[in-house]
Every structure is written in C-alpha cells, then in structure tokens.
Amino acid sequence: MYGRFEADPDSLAAGSGQMGRHAEQFQAVPRHLEQLGLGGSWGSDGLMAPFIAAFAKCLQTGARTLFAQAAALDATGGGLADTAATMRNADADAGRVVPARESAT
Amino acid sequence: MDTPPFIGELAQLIGVDVLDVHSDNVAADAGAVSAAVPGLASVADGADSTMDRATDGYEGESATALADNWQGVGGDLRQTAATMNVLPPVMNGFASVASAARVAEITQLVSLASVMKVALGAGAIGAGVAASRMAVTRAAVQRIKHTFERGVATRLTPAVDRITLRLEELGEKAAGPRGGLGNPALAGAGGRVSPYAGRLPETAAGAERGGTRMGMRWGKKDETGKFHGDLPRTTNDMTEKEKRRIQKDLEDSIKAREEEEAWLGYSDAGHRRRMEDERKALGMIKEDFNEQ
C-alpha cells in the first residue's frame with residue numbers, strides 16, 4: 001500500500017525559517033572577526049612580517065569559508081521551504097483530482 | 001617588558017634594534033579567535049536539531065537527498081570550527097617566542113651596560129674591554145634574531161599555512177563545484193590531491209640535513225652558529241687541525257641549539273636527536289684528544 005508522508009509541511013516551513021536564523025548567527029562570527037582588525041597591533045618589526053602575513057591570510061580564508069558555509073545553511077533552509085511548498089501543492093492537486101474520500105490523517 | 005630608555009640607547013650604540021613586538025596584543029588576539037569558535041559550534045549543533053525536528057517522519061527519495069546534503073553541510077561547519085581552534089595555540093606560541101627573543105636581547109644589553117659601567121672607569125684598558133664586549137653583545141643579539149626568525153619560519157608559519165590550506169579546502173566544499181573560493185587548483189571533480197595525503201616535511205632537522213658539503217668531508221658551522229651537514233663518525237682520518245676545528249664547531253653548535261631550545265621553549269624529536277648526535281660526536285673527539 002502507499003506509505004503516507006508523516007512529515008508536516010508546516011514543520012518543514014518552520015525549520016526553514018529557523019535555518020535562516022542559524023545562517024545569520026553563523027555569518028555574524030566572521031563579520032565580527034573581520035571588524036576586530038586582528039594582527040594589526042603586534043608590532044612593526046620586519047622579522048615578524050612573514051608570520052603576520054600568514055596569519056592575515058589564514059583569517060581571511062577562514063572568514064570566506066565561514067561566509068560560504070553560512071550561505072549553505074541558508075540554501076538548506078531554502079530546500080526545506082521548497083519541499084514544504086511542493087508537499088502542499090501535491091496535497092492540493094491530489095485533493096482536486098481525486099474526489100474527496102476518507103483519508104487517514 | 002618595555003625597553004628601558006638607556007637600553008634603547010645602548011642598542012643604538014652597538015647598532016642593533018630590540019625586537020619590536022607587543023606580545024600582549026598577540027595573546028589578546030589569540031583570545032579573540034578562541035572566543036569566536038564556540039559560537040560556530042553551537043550554531044552547528046542548533047542547525048542539527050532544527051533539521052531533525054523539521055524532517056521528523058519525512059521519508060522518501062527527496063528526504064534522503066535532503067539528509068545527505070545536510071550531513072555534508074553540518075559536518076563541515078564543525079570541522080571549520082575545529083580547524084579555526086588550532087590557530088590560537090599557534091598564535092600564543094608566536095607570542096611567547098617573540099617575547100622570549102625580546103627578553104633575551106634586552107638581557108644581553110643589560111649585561112653589556114653593567115660591564116661598560118666598570119670598563120669605562122678603567123682608562124685605556126677599559127676602553128678595549130668595552131669595545132670587545134660591545135662586539136660580543138652585537139653578535140649575540142644578531143644570533144638571537146636569527147634563531148627567532150628561523151624558529152618562526154620553520155615551525156610557526158608553516159603551522160598557520162596548514163590551517164589556511166585546510167580552511168580553503170572546507171571553503172571549496174561549501175560552495176560546491178560551481179562556486180568556490182576561486183581557487184581552481186583546489187576545486188575540480190575528484191582529481192584533487194589533498195595536501196594532507198602525504199606526510200608534510202616538518203622538522204628543521206630534516207631540512208638541515210641537506211647542507212652543502214663545499215668540498216669538506218664533514219659539515220661545518222653556519223652563520224646561525226649551528227653545525228650543518230654530516231657529523232663525523234670516526235676520528236681516524238682527521239688531522240689535528242681538523243679535529244680542533246670540528247670540536248669548536250660542535251661545541252658552539254650544541255650551545256646554540258641548547259639556547260634555541262631553552263627559549264623557544266620546545267624541542268621536537270628531530271631537534272633533540274640532532275643535539276644528541278652532536279654531543280656524541282663531540283665526546284668522541286674529546287676522548288681522542290685525551291688519549292694522546
């Protein structure tokens with residue numbers, strides 16, 4: 001027999017909203033780190049320059065990666081919303097095509 | 001430790017700069033990175049729960065696709081947090097070796113100051129002592145700088161670079177084959193070689209072994225004070241002069257390595273092994289002299 005989705009499009013939609021908030025929280029971290037200007041106050045001795053440069057590059061790369069991952073979180077949230085919408089449309093279509101009958105809830 | 005003004009002047013007199021580093025700021029910045037990491041991990045955990053709740057009971061092909069995609073995303077968030085967490089200890093390591101170098105330099109200058117005080121009161125002989133002591137101090141400060149630079153270049157900077165590379169890899173994964181951080185060398189379908197696949201050459205000792213021979217059968221001391229190249233295994237085919245030179249070079253090298261170990265604060269296996277080898281070679285040469 002047909003299995004029936006027990007997943008609730010409403011909870012998917014709620015999850016989507018929540019995931020968007022997670023994405024925002026996540027990207028706040030690299031944004032904050034960028035503002036701090038880390039590495040800028042360590043001193044100007046030439047002997048330190050290579051390490052400071054390596055550190056700056058590391059932070060930059062980390063920030064870009066974190067932003068990319070925040071975007072992925074956002075995209076996942078989008079996926080949840082799309083899935084919810086699809087399920088609702090499918091239900092609506094099914095309701096139209098098949099005359100209303102007793103459907104187990 | 002702020003530079004006392006008379007130390008700054010003395011440094012100028014002998015023609016060196018005291019290492020300009022603010023270790024407190026380095027440590028503070030390390031703390032800032034450290035503090036940022038838990039926030040990442042907690043979002044990752046929260047997102048996991050959100051996914052669980054949202055997809056509860058959801059089955060089927062698209063459910064599987066969603067779950068698989070999520071596993072990649074969620075795992076990578078945690079990995080990134082863990083990778084970033086490796087950075088603060090390296091920063092603190094840098095702060096402490098920089099601070100140690102600075103203290104060592106200032107100590108040299110303080111010691112010079114007290115010699116100068118006595119010597120300059122002692123007329124012509126004193127002037128000679130002062131001049132010679134100034135030269136010794138200058139050489140010592142240069143050596144401290146060399147040791148610092150080498151220590152950072154061989155251990156600390158590469159550690160940071162490894163973290164950077166790992167972060168780049170994670171970034172490429174996040175954006176997928178179409179996007180990415182713009183580094184085509186890292187992206188690409190499956191043909192990418194992970195820099196972590198092979199063992200990275202790490203120890204300074206390993207790098208040192210490639211010293212030039214310059215026509216000699218054994219190594220010699222370089223400008224950082226350390227012995228490079230092959231250590232002698234037997235004294236049979238050495239002239240007296242060669243033995244003496246090598247003995248002196250080894251003694252200096254061992255002292256330089258001990259100093260490096262003492263204020264760099266750590267010594268990896270390769271470094272320790274090398275020091276051990278040098279001590280043995282020195283012992284052999286000394287024994288040889290004693291037997292005559």
Between Ala95(B), Gly46(B), Gly39(B), who has the most heavy-atom pairs with chain A when the cutoff is under 4.5 Å?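 Heavy-atom pairs under 4.5 Å are most numerous for Gly46(B).
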Top contributor to chain A contacts, counting heavy-atom pairs under 4.5 Å, from Thr83(B), Thr50(B), Thr55(B):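 Top count of heavy-atom pairs under 4.5 Å with chain A: Thr50(B).
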For [X] against [Y], the heavy-atom pair lying closest together:
{"X": "Leu33(A)", "Y": "Ala32(B)", "answer": "CD2-O, 4.1 Å"}
{"X": "Asp29(B)", "Y": "Gly39(A)", "answer": "OD2-N, 2.8 Å"}
{"X": "Gly171(B)", "Y": "Ala68(A)", "answer": "O-CB, 4.4 Å"}

[atom1]-[atom2] distance between [X] and [Y], expressed to the nearest 0.5 angstrom:
{"X": "Thr80(B)", "Y": "Leu66(A)", "atom1": "OG1", "atom2": "CG", "value": "6.0 Å"}
{"X": "Gln69(A)", "Y": "Lys173(B)", "atom1": "CD", "atom2": "NZ", "value": "9.0 Å"}
{"X": "Ile163(B)", "Y": "Phe55(A)", "atom1": "CD1", "atom2": "CZ", "value": "10.0 Å"}
{"X": "Gln18(A)", "Y": "Ser49(B)", "atom1": "CD", "atom2": "OG", "value": "9.5 Å"}
{"X": "Arg53(B)", "Y": "Leu12(A)", "atom1": "CZ", "atom2": "CG", "value": "12.5 Å"}
{"X": "Asp45(A)", "Y": "Lys145(B)", "atom1": "CG", "atom2": "NZ", "value": "5.5 Å"}

Which donor-acceptor pairs under 3.5 Å do side chains of residues 77-85 of chain A form with protein atoms, sequence neighbours excluded?
from     : atom 1 : to       : atom 2 : distance (Å)
Thr83(A) : OG1    : Gly79(A) : O      : 2.7

Evaluate whether atom CD of Glu34(A) has more than 12 neighbouring non-hydrogen atoms of other residues, nucleotides or ligands under 6.0 angstrom away.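 Yes, because the 6.0 Å sphere around CD of Glu34(A) holds more than 12 heavy atoms from other groups.
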Does atom CZ of Arg31(A) have more than 12 heavy-atom neighbours, drawn from other residues, nucleotides or ligands, at distances under 6.0 Å?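 Open: at most 12 neighbouring heavy atoms sit under 6.0 Å from CZ of Arg31(A).
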Report the relative orientation of the aromatic rings in Phe94(B) and Phe51(A); use parallel for angles under 30°, tilted for 30 to 60°, perpendicular for over 60°.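 Parallel.
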Answer yes or no: is there a side-chain heavy-atom contact under 4.5 Å between [X] and [Y]?
{"X": "Leu59(A)", "Y": "Leu87(B)", "result": "yes"}
{"X": "Leu170(B)", "Y": "Thr65(A)", "result": "yes"}
{"X": "Leu73(A)", "Y": "Trp70(B)", "result": "yes"}

Checking side chain to side chain contact (heavy atoms under 4.5 Å, CB included) against Cys58(A), which of Leu167(B), Val86(B), Val33(B) comes through?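 Checked Leu167(B), Val86(B), Val33(B) against Cys58(A); only one passes side chain to side chain contact (heavy atoms under 4.5 Å, CB included): Leu167(B).
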Quick one: what part of [X] sits under 4.5 Å from any heavy atom of chain A, side chain, backbone, both or neither?
{"X": "Leu66(B)", "value": "side chain"}
{"X": "Val90(B)", "value": "both"}
{"X": "Asp76(B)", "value": "both"}
{"X": "Val73(B)", "value": "side chain"}

Backbone N or O of Gly43(A) within a donor-acceptor pair of the Asp20(B) side chain at under 3.5 Å?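 The answer is no, because no donor-acceptor pair under 3.5 Å joins these two groups.
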Contact class of Leu36(A) relative to chain B, heavy atoms under 4.5 angstrom: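 For Leu36(A), the contact with chain B is made by the side chain alone.
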Side chain, backbone, both or neither: which part of Leu47(A) has an atom under 4.5 Å from a heavy atom of chain B?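 Leu47(A) touches chain B through backbone and side-chain heavy atoms alike.
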Can you tell me which of [options] forms the most heavy-atom pairs within a distance under 4.5 Å of chain B?
{"options": "Gly40(A), Gly62(A), Ala70(A)", "value": "Gly62(A)"}
{"options": "Gln25(A), Met48(A), Lys57(A)", "value": "Met48(A)"}
{"options": "Ser41(A), Gly15(A), Ala54(A)", "value": "Ser41(A)"}
{"options": "Ala23(A), Ala13(A), Ser11(A)", "value": "Ser11(A)"}

Residues of residues 10-17 of chain B under 4.5 Å from chain A (heavy atom pairs)?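 Listed by number: none.
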